[in-house]
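Worksheet: one structure, shown below.
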There are 2 protein chains.
Amino acid sequence: MESLTSNLSIQISDRFFVKNPDSSEIGQRIIEWSIILIEEIGFEAFTFKKLAIQIGTTEATIYRYFESKHRLLLYLTCWYWSWMEYRLLFAITNVESAEERLNRSIGLLTEVIEEDSNFSYVNEVKLNNIVIAEASKSYLNKDVDKENKEGAYLNYKKLVQRISEIILEINPNYKYPHMLVSTVIEGAHLQRYFAEHLPGLTDTNSKEDSVAKFFKQMVFKSIE
Amino acid sequence: MESLTSNLSIQISDRFFVKNPDSSEIGQRIIEWSIILIEEIGFEAFTFKKLAIQIGTTEATIYRYFESKHRLLLYLTCWYWSWMEYRLLFAITNVESAEERLNRSIGLLTEVIEEDSNFSYVNEVKLNNIVIAEASKSYLNKDVDKENKEGAYLNYKKLVQRISEIILEINPNYKYPHMLVSTVIEGAHLQRYFAEHLPGLTDTNSKEDSVAKFFKQMVFKSIE
DNA sequence: GCAATAATGATAGTATTACTATTATTATTG
DNA sequence: CAATAATAATAGTAATACTATCATTATTGC
């Protein structure tokens with residue numbers, strides 16, 4: 001994506017942090033390096049102590065920004081879905097055909113992520129890898145209902161809702177738009193993960209990006 | 001499913017355990033109660049200590065059966081996929097039409113699970129809930145490549161392979177059979193979880209089981 | 001029936017984790 | 001320049017995921 005002239009920043013709801021990491025240099029380093037570290041060693045092995053050493057601060061300081069590493073993960077995934085929504089808006093505004101809007105939306109959700117230079121201290125490629133491998137852990141736990149009530153998954157739901165509406169524009173009688181969209185999002189993540197680690201569960205072809213093709217075909221055939 | 005006269009037992013490869021839990025009463029209680037406990041409190045909060053207290057033994061004894069709680073989870077998911085394969089064979093043998101075999105296979109993977117009285121100390125309904133909420137954690141971690149080499153996911157892959165072959169029987173030109181099947185399996189789990197905890201991501205209808213209908217439609221439209 | 005062996009129980013110990021708490025020091029702001 | 005806020009340094013805690021040791025109890029082979 002082309003770099004924009006103005007400086008952009010994704011605003012994240014204060015439900016995820018104690019002190020806004022966007023408001024200080026040390027906070028920005030927390031975000032920048034947590035993405036690098038979590039992608040490298042995985043969320044289980046990631047600790048605030050390791051992060052503190054990496055950015056030359058102390059555990060106590062990080063705890064003043066995030067009350068737990070789980071909350072930090074929620075912050076990062078929320079950032080990711082907000083970023084996705086912003087990219088979605090750019091991709092589909094002024095496109096008249098609903099089919100083309102849907103085509104672009106599914107593309108956005110299933111194609112390989114590239115870095116976006118508009119957001120300086122976030123590496124979107126690494127963040128995408130984190131979302132692929134770790135985001136499901138943010139809702140696959142016993143706090144899911146409490147956190148859902150707090151609004152932890154609102155951005156994700158909003159994105160699903162938006163694309164569901166395009167589907168209903170194309171076929172108002174299609175009964176499962178939300179199922180279809182959430183299956184595509186989670187499915188695309190999994191297929192990328194399988195391609196890397198469990199190729200027997202997918203159909204990879206190094207020459208072409210079959211993930212996006214598979215899901216586009218699946219969506220358009222399902223709703224016709 | 002009807003109860004069979006003979007006593008069945010699912011044989012699990014010895015790569016998952018130190019001592020076969022099927023070989024002793026205490027081992028069987030480990031399996032029985034680990035399923036009950038993990039379903040109730042979640043895999044994160046589950047510990048060998050809690051399990052030991054529950055079944056009136058000690059941590060040390062449980063460690064003599066499983067080298068870690070992660071290995072126990074691999075054992076349980078492996079059991080689940082073996083059980084699924086056994087049910088699949090029952091459901092499709094002697095069915096001539098490939099379409100009908102596929103229809104039954106997808107049904108098996110997406111419909112609500114009912115208890116199977118053939119396997120005394122395993123509660124399949126609870127185990128299904130564990131697979132839905134926890135199984136992805138067994139491969140979404142940094143040991144995935146090592147464990148894959150050890151054969152930890154063979155049963156899962158075998159099931160995907162089997163159903164992929166039915167798809168290719170129906171349409172030999174379909175390019176993504178494995179992708180489609182693994183998307184259905186993981187997608188069905190997720191949709192059941194969403195229906196319970198994040199209904200905004202799905203399309204539930206208490207009157208009918210829309211999960212199975214959605215995925216059947218998706219599969220048959222995708223491959224035609 | 002009894003010795004040999006295996007399985008289990010009881011108990012202790014360790015490194016790490018995910019925090020909380022306290023106090024001193026340094027930056028920032030009015 | 002005083003007041004306030006942010007950060008650093010350090011210590012401490014309960015829980016976790018194990019490992020280790022040794023005594024006790026079952027099981028099996030002869």
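A, B, ... follow the sequence lines: proteins, then strands. Residue 1 opens every chain. Because the structure is predicted, anything quoted here is derived from the model rather than measured.
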Exercise. Select base, sugar-phosphate, or nothing to describe what F66(B) touches, counting heavy atoms under 4.0 Å on all strands.
Key: nothing
Quiz item: When all nucleic acid strands are considered with a 4.0 Å heavy-atom cut-off, which category describes K49(A): base, sugar-phosphate, or nothing?
Solution: nothing
What's the [atom1]-[atom2] distance between [X] and [N], to the nearest Å?
{"X": "N141(A)", "N": "dA18(C)", "atom1": "CG", "atom2": "P", "result": "14 Å"}
{"X": "R71(B)", "N": "dA17(D)", "atom1": "CZ", "atom2": "P", "result": "16 Å"}
{"X": "K19(A)", "N": "dT28(C)", "atom1": "NZ", "atom2": "P", "result": "11 Å"}
{"X": "F48(B)", "N": "dA10(C)", "atom1": "CZ", "atom2": "C1'", "result": "19 Å"}
{"X": "H70(B)", "N": "dT16(D)", "atom1": "NE2", "atom2": "P", "result": "19 Å"}
{"X": "Y65(B)", "N": "dA7(C)", "atom1": "OH", "atom2": "P", "result": "8 Å"}
{"X": "L51(A)", "N": "dC19(C)", "atom1": "CG", "atom2": "P", "result": "14 Å"}
{"X": "E67(A)", "N": "dT20(C)", "atom1": "CD", "atom2": "P", "result": "8 Å"}

Quiz prompt | CD on E39(B) to CD on E134(B), rounded to 0.5 Å | solution = 10.0 Å
Practice problem: Test the K69(A)-F46(A) pair against the cation-pi criterion, namely NZ or CZ under 6.0 angstrom from the six-membered ring centroid and within 45° of the ring axis. | Solution: no
Practice problem: Determine, using ring centers only, whether F48(A) and Y65(A) are less than 6.0 Å apart. | Solution: no
Practice problem: Have a look at Y80(B) and tell me which of I113(B), V122(B), N155(B) forms a side-chain contact (heavy atoms from CB on, under 4.5 Å) with it. | Solution: I113(B)
Considering only NZ, NE, NH1 and NH2 on the basic side and carboxylate oxygens on the acidic side, decide whether [X] and [Y] come within less than 4.0 Å.
{"X": "E150(B)", "Y": "R71(B)", "value": "yes"}
{"X": "E111(B)", "Y": "K216(B)", "value": "yes"}
{"X": "R29(A)", "Y": "E25(A)", "value": "yes"}

Exercise. Ignoring the backbone of K69(B), work out which of dT21(D), dA8(D), dA17(D) is nearest its side chain.
Key: dA17(D)
Quiz prompt | Closest to the R64(A) side chain, choosing from dT16(D), dG9(C), dT7(D) | solution = dT7(D)
Quiz item: Considering Watson-Crick and G-U wobble pairs with both distances under 3.5 Å, what does dT22(C) pair with?
Solution: dA9(D)
Self-check item: Residues in contact with DNA chain C, drawn from residues 54-63 of chain B - heavy-atom cutoff 4.0 Å
Solution: G56(B), T57(B), T58(B), A60(B), T61(B)
